[in-house]
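Just so we're clear, the structure is a prediction, and the values are computed from it rather than from any experiment. Positions are given from 1, in the same order as the sequence printed here.
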Amino acid sequence: MDDRLADFAANGASALPQADRQGHLQHDGAALWYASYSSGPTVVLLHGGLGNAGNWGNQVSALIDAGYRVIVTDSRGHGRSTTDSAPYHYNRLATDLLAIMDHLDVPTAALIGWSDGACTALELAIMRPERVKG
């Protein structure tokens, strides 16, 4: 265990594993990057502002090993995703996430996020509560 985060501080997050499916989805003026791993109940990991899906490298493998399907995405304007000139707001990021869930045939998912990712998850839960398991 790296309880004191010494390894994380020295080396950063582990690399993401090889995805079962990954790509870009064109939505609302952006090319949104996503990756999907394994099968089972779906968990979506949402990074914070100025982060990217790679921030979740240590968690993806653990969730796969625990029997979950894991989806990560780079929010618009972050990592491998593009953006347009329209302003950012959490409602827009939530509709981006919903488009990715629809594209990947995910009717419901547990959402885990920090910072902007947590706000996006809360916005989607308000907009479409039937799509969010927790």
Smallest separation among heavy atoms of [X] and [Y], with atom names:
| X | Y | result |
| --- | --- | --- |
| P17 | I64 | CG-CD1, 4.3 Å |
| D20 | Y37 | OD2-C, 3.4 Å |
| G67 | P41 | O-CD, 3.5 Å |
| G49 | S115 | N-OG, 4.1 Å |
| P87 | R92 | O-NH1, 3.5 Å |
| T83 | A30 | CA-CB, 4.1 Å |

Just by modelled atom types, is the D74 backbone N or O under 3.5 Å from a matching donor or acceptor in the N52 side chain?
no
Side chains of [X] and [Y], heavy atoms from C-beta outward: is any pair under 4.5 Å?
| X | Y | value |
| --- | --- | --- |
| V70 | Q59 | no |
| V44 | I112 | no |
| E123 | L93 | no |
| D102 | R131 | yes |
| K133 | T42 | no |
| L45 | V60 | yes |
| N91 | M127 | yes |

Interatomic distance, CG@D84 vs CG@D28, rounded to 0.5 Å, equals 6.5 Å
Transitively linked via ILVMFWY side-chain contacts under 4.5 Å: [X] with [Y]?
| X | Y | result |
| --- | --- | --- |
| W33 | I71 | no |
| V132 | M101 | yes |
| Y68 | L104 | no |
| V106 | L46 | yes |

Quick one, Q22 with S36, criterion side chain to side chain contact (heavy atoms under 4.5 Å, CB included). Give me CA distance, side-chain angles, the key distance, then yes/no.
CA-CA 6 Å; Q22 70 176 338; S36 177; over 6 Å; no
Applying the side-chain hydrogen bond (donor to acceptor under 3.5 Å, both in side chains) test to Y90, which of D116, T120, T95 qualifies?
D116
How far apart are the C-alpha atoms of V43 and R69, what are their side-chain angles, what is the distance that settles it, and do they pass the side chain to side chain contact (heavy atoms under 4.5 Å, CB included) test?
CA-CA 6 Å; V43 175; R69 177 185 186 188; over 6 Å; no
Evaluation steps, side chain to side chain contact (heavy atoms under 4.5 Å, CB included), between L111 and L124
CA-CA 9 Å; L111 308 179; L124 183 56; 4.0 Å; yes
Looking only at side chains, do [X] and [Y] share a donor and an acceptor under 3.5 Å apart?
| X | Y | result |
| --- | --- | --- |
| N55 | H47 | no |
| H24 | Y34 | no |
| T82 | R76 | no |
| S14 | N58 | yes |

H78 vs Y88 aromatic rings, parallel, tilted or perpendicular, using cut-offs 30° and 60°?
perpendicular
State which residue, out of H103, R80, H27, fulfils the side-chain contact (heavy atoms from CB on, under 4.5 Å) condition with L32.
H27
Does CD belonging to E130 count more than 12 external heavy atoms closer than 6.0 Å?
yes
